[in-house]
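Here is the structure we will look at.
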Amino acid sequence: MSFPLLTATAALPALGAIATAAVPAARRVAAKWLALLVSLATLALAAIVLVRFEPGGDRYQLTESHAWIKDFGVRYELGVDGIGVALLALTALLIPFVILAGWHDADPQETGAASLGSFAAGRWRPTQGFFALILAVEAMVIISFEATDVFLFYIFFEAMLIPMYFLIGGFGDRAHEHGDEAAATQRSYAAVKFLLYNLVGGLIMLAAVIGLYVVAGNFSLQEIAQARANGSLHMATSTERWLFLGFFFAFAVKAPLWPLHTWLPNAMGEATAPVAVLITAVVDKVGTFAMLRFCLQLFPEASKWATPVILVLALISIIYGALLAVGQRDIKRLVAYASISHFGFIILGIFAMTSQGQSGATLYMVNHGISTAALMLVAGFLISRRGSRLIADYGGVQKVAPVLAGTFLIGGLATLSLPGLAPFVSEFLVLVGTFTRYPAVGIIATFGIVLAALYTLVLYQRTMTGPVKAEVAEMPDLRVRELLVVAPLIALLIFLGVYPKPVTDIVNPAVKQTMSDVHKTDPKPEVEAAK
């Protein structure tokens with residue numbers, strides 16, 4: 001039997017979470033180092049998966065299949081295609097930076113410039129628990145990208161909500177704590193809202209999963225898709241549409257897509273910056289990934305039937321998210337609304353039903369994860385120094401902390417998809433792919449780019465330029481640990497902006513297979529090139 005590489009990639013952070021949680025209370029530093037080493041080892045395994053994956057090979061590779069619950073046809077089945085392996089690598093890449101960035105976020109006493117009453121009063125945060133929960137989320141997200149059994153996917157799709165709930169509700173943003181119960185109440189509200197929204201989506205998906213089993217007789221994604229393709233499994237039109245809606249609703253909540261998005265600004269605003277990155281750069285990607293893997297592959301006709309409505313919802317997300325980002329006074333909520341706009345672009349690319357659009361959407365998932373991580377983590381470093389998330393409390397930071405301001409600018413420029421930085425390539429592909437099939441939709445979506453330039457540049461201008469405010473006059477620049485977090489992310493943004501081929505070579509074959517699943521081909525140019 002060959003080494004179960006995919007299982008090991010998910011099991012290592014799961015075991016690391018248990019080991020980290022078991023570290024004695026007095027050994028907080030040891031718990032941090034253990035979590036970091038486990039995340040780096042997981043990254044090494046993910047790199048091996050990436051190297052062993054053959055873009056021109058079978059659709060699902062490194063597969064594992066074992067009987068699990070025989071009476072109900074549930075199997076432990078894993079496999080990765082080009083889309084899954086790209087997102088698996090993204091997840092494994094970001095977690096070490098999340099851990100490093102949150103190195104002091106769960107310490108029992110404040111280490112930054114601000115004085116926090118709750119810590120002075122002796123309210124201790126379980127450091128071991130914080131890092132154990134991060135590793136638990138990593139394990140569940142990774143196996144979600146690997147699962148090819150629908151029931152197995154569903155279990156971890158829902159299970160990841162538990163550690164995320166405690167990360168949001170139990171380890172809130174220190175810049176928002178003032179020694180009273182108001183901050184704790186807001187954190188609890190954000191955590192409960194996150195949990196309820198996603199639980200409702202998951203319960204509706206559970207009904208659809210059961211319905212799929214009744215129709216197909218098993219939960220194997222590959223078997224069901226193959227039976228659908230060769231005509232041995234027929235679904236009534238109404239049945240397929242209802243099942244599609246059950247799956248899509250859960251994924252749209254996770255994504256998040258308007259109008260199911262309202263939990264995200266609360267969750268990101270109240271969470272620490274590393275946990276906010278975990279939410280939008282890692283966990284939310286499971287929703288858009290699942291649209292490609294499950295909705296389009298299992299329900300191709302229903303996906304085409306729902307496309308007009310989904311495109312409208314994606315457009316609303318793009319414009320609505322960008323408009324609300326323009327009006328934000330809170331740095332972290334601005335990034336949250338910007339992410340809603342970006343997820344609108346991703347969903348637009350998926351349902352444009354063109355190879356350029358879907359390649360761009362997949363590339364966008366990777367690039368958005370890196371760019372949002374860079375911007376949010378630098379914003380977190382900024383907020384920890386000043387003790388405030390309000391834009392109005394800053395000014396002139398670039399004069400006292402030029403490296404911090406410079407990295408913040410690059411992260412912001414990546415967010416607005418500046419040419420030469422990674423998100424530009426993916427956004428361009430999404431717009432081109434959309435325009436070739438739906439010109440009006442592509443034109444309207446372009447306004448999201450204009451609004452992105454507005455909210456990003458205004459944010460930079462108000463926080464980093466102008467006279468130096470007294471409260472930031474003594475602000476220190478980025479420290480070595482913080483530079484170790486930010487510098488590799490900035491380098492990746494530049495590298496993938498100039499040379500995205502390593503990612504596109506991996507995802508393009510999977511995109512072609514997805515296009516084949518929905519029986520779509522790219523539109524032919526209306527005007528042929530002159531001979």
Side-chain angles (χ1 to χ4, degrees), residues 83 86 255 257-258 285 288-289 291-292 296 303-304 307-323 325-326 337-372 412-457 493 496-501 503-504 507-508 510-512 514-515 518 520-527 529:
I83 299 169
L257 178 68
W258 184 93
K285 298 299 187 299
T288 47
F289 162 79
M291 291 178 189
L292 278 165
L296 270 60
S303 297
K304 290 185 284 188
T307 289
V309 174
I310 295 173
L311 291 180
V312 171
L313 295 178
L315 274 181
I316 294 174
S317 290
I318 292 169
I319 305 302
Y320 171 87
L323 283 173
V326 171
Y337 280 109
S339 291
I340 291 170
S341 181
H342 297 151
F343 275 103
F345 276 109
I346 294 170
I347 296 170
L348 186 70
I350 292 171
F351 285 90
M353 302 293 183
T354 60
S355 58
Q356 299 99 325
Q358 291 187 357
S359 292
T362 305
L363 188 60
Y364 212 138
M365 291 186 226
V366 175
N367 292 338
H368 173 263
I370 299 170
S371 63
T372 299
L413 293 176
T415 297
L416 65 82
S417 299
L418 183 76
L421 297 175
F424 169 76
V425 181
S426 44
E427 198 164 277
F428 178 77
L429 285 173
V430 167
L431 290 173
V432 168
T434 303
F435 187 84
T436 56
R437 196 179 294 279
Y438 304 102
V441 174
I443 291 170
I444 297 171
T446 305
F447 286 101
I449 301 175
V450 178
L451 293 172
L454 180 61
Y455 63 68
T456 300
L457 296 178
L493 286 174
L496 293 177
V498 176
Y499 189 64
K501 190 174 182 294
V503 181
T504 56
V507 304
N508 282 344
V511 166
K512 290 179 181 178
T514 303
M515 289 284 290
V518 293
K520 283 282 190 178
T521 57
D522 290 329
K524 293 181 179 180
E526 294 184 5
V527 180

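This one's a predicted model, so the numbers in the text were calculated from it and none came from an experiment.
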Shortest non-hydrogen separation from Ser355 to Val511 and the atoms involved:
O-CG1, 3.7 Å
By the definition side chain to side chain contact (heavy atoms under 4.5 Å, CB included), identify the one residue from Ile83, Thr362, Ile350 that meets it with Phe289.
Ile83
Does the Ser341 side chain pair with the main chain of Tyr337, one donor and one acceptor, at a distance under 3.5 Å?
no
Measure the spacing between CD1 of Ile346 and CG of Asn367 and express it to the nearest 0.5 Å.
9.5 Å
What are the two closest non-hydrogen atoms of Leu413 and Thr456, and how far apart are they?
N-CG2, 4.2 Å
Does some side-chain heavy atom of Leu323 sit less than 4.5 Å from a side-chain heavy atom of Tyr455?
no
May I ask you to decide if Lys501's main-chain N or O and Thr504's side chain share a donor-acceptor pair within less than 3.5 Å?
yes
Donor-acceptor under 3.5 Å (Thr436 side chain, Gly433 main chain):
yes
Please name the pair of heavy atoms, one in Ala422 and one in Leu496, separated by the smallest distance, quoted to 0.1 Å.
CB-CB, 3.7 Å
Check the pair Leu416, Leu457 against side-chain contact (heavy atoms from CB on, under 4.5 Å), reporting the backbone distance first and the verdict last.
CA-CA 9 Å; Leu416 65 82; Leu457 296 178; 4.3 Å; yes
Side chains of Val507 and Gln358: closer than 4.5 Å at any heavy-atom pair?
no
Of the non-hydrogen atoms in Ala255 and Thr288, which two are nearest, and what is the gap between them?
CB-CG2, 4.1 Å
Let me confirm one number: the OH-CG distance from Tyr438 to Leu315, rounded to the nearest 0.5 Å.
12.0 Å
Distance from Leu493 atom CG to Ser371 atom OG, nearest 0.5 Å?
6.0 Å
Is a donor on one side and an acceptor on the other found under 3.5 Å between the side chain of Arg437 and the backbone of Thr354?
no
On a heavy-atom basis, the closest approach of Val326 and Leu451 is CG2-O, 4.1 Å
Validation row: Leu421, Leu418 side chains within 4.5 angstrom (heavy atoms)
yes
Could you go through Ile347 and Ile310, starting from their C-alpha distance and side-chain angles, then the distance that decides it, and tell me whether this counts as side-chain contact (heavy atoms from CB on, under 4.5 Å)?
CA-CA 8 Å; Ile347 296 170; Ile310 295 173; 3.7 Å; yes
The test is side-chain contact (heavy atoms from CB on, under 4.5 Å); show your working for Phe351 and Met291 and say whether it passes.
CA-CA 9 Å; Phe351 285 90; Met291 291 178 189; 4.0 Å; yes
Would you check, one step at a time, whether the test side-chain contact (heavy atoms from CB on, under 4.5 Å) holds for Val425 with Tyr364?
CA-CA 8 Å; Val425 181; Tyr364 212 138; over 6 Å; no
For Phe343 and His368, run ring-ring contact (aromatic ring centres under 6.0 Å, His included): C-alpha distance rounded to whole Å, both residues' side-chain angles, the deciding distance at 0.1 Å, then the answer.
CA-CA 9 Å; Phe343 275 103; His368 173 263; 5.2 Å; yes
Reference residue Val441; test side chain to side chain contact (heavy atoms under 4.5 Å, CB included); the match among Thr434, Val312, Thr446:
Thr434
Quick check on Tyr320: does its OH atom have over 12 non-hydrogen neighbours (other residues, nucleotides or ligands) under 6.0 Å away?
yes
I'd like to know if the side chain of His342 and the backbone of Met365 have a donor-acceptor N/O pair within less than 3.5 Å.
no
A side-chain contact here means heavy atoms from C-beta on lying under 4.5 Å apart; do Thr372 and Ser339 qualify?
yes
Look only at the side chain of Ser317 and the backbone of Gly344, and say whether a donor-acceptor pair between them is shorter than 3.5 Å.
no
Gap between atom CD1 of Ile316 and atom CH2 of Trp258 - 0.5 Å precision
4.0 Å
Which atom pair, heavy atoms only, marks the closest approach of Gly448 to Ile318?
CA-CG2, 3.8 Å
